[in-house]
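Model, not experiment: these values are computed from the prediction. All ligand and atom numbering here is 1-based and tracks the order in the structure.
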Amino acid sequence: MSGETDARPATSGGATQWSDAPSRDALQLIAEGVTKVAGFGIAAISVVRSDGKLEVMAVAGSDEAGESLKGRRTPIDQLSREIAKADDWGLFRFVPHERLDASAGEQWGWVPDIDPIDDAPDAWHPLDLLTAPLYDDGGVLRGTLAIDLPVDGRRPGEGQRAVLNTYAEQARQAVIVALEREMLSEQVRMAETARRIVRRATAQLSMDRVVEDSREALVEGFNAAGMWLQTFDQDGHGAIYSAVGREIELSPAMVQIAETAARIAWEQQQPAVVAPDRPFGPTITDEQGELILAFLAEIGVQSLLFTPLGAGPECLGNLVLTRVEGAADWTEAEATSALDIGHDLGRAILNARTFEREHQLVEELQELDTYKGQLIATVAHELKNPLTSVMGHLEMLESSPDFSGTTRSSLNAMERGTRRMVRVIDDLLLLSKVGDADNPVIPVRVDLRKIVDEAVDLITVAAGQKGLAVRIDAPDEPVLALGDATELDRVCANLVSNAVKYTPDGGAVTVSLARAEGEVVLTVADEGIGISEADVARLGTEFFRSSNPEAVAQPGTGLGLAIVSRVVARHGGRMSIRSALGEGSTFRVFLPSG
Ligand code: ADP
């Protein structure tokens with residue numbers, strides 16, 4: 001045995017690990033057959049690796065040779081050079097030692113330590129080379145069976161050569177099967193890796209991102225030249241995400257074929273392969289298949305694997321992976337993995353769609369809200385001036401001595417009505433001001449004690465009329481909050497006036513102030529009519545008034561708490577409401593301390 005060698009381990013140099021034990025055993029068995037039956041001391045079977053080297057996979061006959069040979073890698077060129085000088089013995093090639101290139105260097109890695117048996121021409125020389133190159137049906141070299149050390153010390157005669165040929169044929173078939181199995185399991189492994197990556201990518205909510213993150217994995221995992229992915233929208237259009245590297249223009253006819261085929265393929269859960277000399281299968285008609293092949297030829301692609309994408313009964317798109325000439329055929333295992341990926345990507349399309357719809361809806365709602373705010377602000381502004389003028393004139397008329405009796409009382413009623421309208425308009429204007437993000441609070445230190453005192457002062461008359469006791473429970477020293485004094489004043493006034501308004505005669509209202517960690521707390525508690533749980537959830541919505549008839553009986557607009565909650569929110573504070581029907585309510589406002 002002779003030749004250049006490379007003693008790198010089998011796992012390096014671009015080769016994959018020979019993981020398939022049954023294949024290895026089959027090769028070993030054949031090598032042992034040669035040593036036990038065909039009368040040779042040593043036999044070695046090698047396979048061709050993707051990096052163009054022959055790797056020794058099975059050695060029989062000598063443990064010592066086995067140790068040193070297994071995993072050895074030899075360039076194919078070396079073998080070709082030696083075989084060129086060989087005698088043709090059927091499947092075997094024999095190179096007598098005298099023809100071997102002396103500069104060939106090291107032997108296959110192992111030279112038997114023997115001398116020729118005698119001087120006869122058929123005596124075996126330790127440097128004689130007897131190897132069967134093993135070709136597949138396409139004439140491609142896939143491995144070798146090399147033998148050495150004839151037991152009788154002689155070069156094999158006709159009879160022995162015939163036996164050797166049968167072993168060479170067996171070895172040929174075993175090597176082909178082993179390599180195919182290895183390739184298949186490698187394909188499955190790669191496709192599964194791609195699937196894992198795609199699956200992770202599908203957590204993204206935009207289809208662009210999903211495709212961006214899975215593109216490379218798909219192309220690499222499927223050993224593809226490129227890919228494109230088409231999604232269908234409900235209106236039948238959708239997007240095409242194109243191949244890696246170069247952009248591919250799909251004609252409308254091609255898109256249409258792909259869409260129809262995808263729907264059938266999803267229904268049948270059957271990916272399709274389009275390749276020359278291969279039936280197109282149930283998904284694609286012959287006519288469509290020919291059109292696709294012609295298109296592929298135009299863009300320099302040999303074949304494609306076509307996978308439908310979907311979720312549940314709905315087909316949502318298709319994925320196309322392409323291969324150029326010379327690449328392996330698409331296998332069943334790859335098609336199965338691609339279909340699994342089709343399910344993952346289908347779910348991703350659905351997620352992306354839902355997300356997009358929600359996003360759109362939120363945007364629309366926000367627009368509507370902005371519009372509502374603008375409408376309220378505009379109307380309030382427009383009404384404010386004429387109302388002020390009406391108020392002025394009414395006050396003037398009321399102070400005139402020309403009127404008396406019913407006219408005067410009408411004027412009074414008109415003034416009360418107008419005053420009420422002015423209050424509503426003022427509330428609306430304030431509401432729009434505190435809801436305007438472009439008009440933030442300019443915070444200063446505000447003493448809440450003063451604000452509370454003023455609010456209680458203002459309500460004293462009304463409270464007194466109802467026989468209500470309003471109590472203040474606050475520390476002696478200032479309680480400072482950070483905020484806008486006018487706005488905080490409205491918060492306090494609204495809460496206190498509500499407490500008085502919604503508490504029946506004779507009840508009690510307590511307004512308290514306290515400091516907590518980094519916050520100040522304003523509490524307004526009453527023993528009034530209370531609010532139901534359902535109504536509490538809706539408090540703070542503009543114009544909301546509770547459904548409780550006792551509450552509706554009181555005058556009000558439903559704007560007070562809306563103003564309170566917006567002011568509190570824009571101060572970076574929060575509000576809590578504890579209430580039960582018939583038992584009273586407690587409103588608590590937490591504000592940043594000053
Ligand atoms: P308004 O008092 O003008 O109706 P608000 O926005 O101040 O508007 O209050 C909204 C609703 O919340 C009121 O209509 C009332 O039903 C309920 N509410 C507010 N404060 C209290 C309270 N202290 N006790 C009972 N109900 C209340």
Name the one of Arg195, Arg189, Glu192 that satisfies side chain to side chain contact (heavy atoms under 4.5 Å, CB included) with Ser337?
Glu192
With a heavy-atom distance limit of 4.0 Å, tell me whether Leu561 approaches ligand 1 through its side chain, its backbone, both, or neither.
both
Angle class for the Trp228/Phe295 ring planes (parallel below 30°, perpendicular above 60°, tilted otherwise)?
perpendicular
Determine whether the side chain, the backbone, both or neither of Ala551 has a heavy atom under 4.0 Å from any heavy atom of ligand 1.
side chain
Near Phe544, which atoms of ligand 1 are under 4.0 Å from a heavy atom of that residue?
10 (C), 11 (C)
Hey, which atoms in ligand 1 end up nearer than 4.0 Å to a heavy atom of Leu559?
6 (O), 8 (O)
Side chain, backbone, both or neither: Phe587 near ligand 1, heavy atoms under 4.0 Å:
side chain
Any chance the side chains of Thr202 and Asn351 put a donor and an acceptor closer than 3.5 Å?
no
Closer than 4.0 Å to some heavy atom of Lys501 - which atoms of ligand 1 meet that?
1 (P), 2 (O), 3 (O)
Heavy atoms only: give me the nearest Leu291-Met254 pair and the separation to one decimal.
O-CE, 3.8 Å
Tell me the protein heavy atom at minimum distance from atom 4 (O) of ligand 1, and give that distance in Å.
Arg545 NE, 2.6 Å
Under a 3.5 Å cutoff, is there a donor and acceptor pairing between the side chains of Gln204 and Asp213?
yes
Closest to atom 23 (N) of ligand 1 (heavy atoms only, candidates Asp526, Val552, Ile577) is Asp526
Are any of the N/O atoms in Pro555 less than 3.5 Å from those in ligand 1?
no
Can you name the one residue among Arg200, Arg196, Arg199 that meets salt bridge (Lys or Arg N to Asp or Glu O under 4.0 Å) with Asp344?
Arg199
With no hydrogens and no angle check, just 3.5 Å: does a side-chain donor-acceptor pair link Asp473 and Ser512?
no
Quick one: look up the protein heavy atom nearest atom 19 (C) of ligand 1 and list residue, atom name and how far away it is.
Asn498 ND2, 3.5 Å
For ligand 1, is there an atom lying under 4.0 Å from some heavy atom of Ser585?
yes
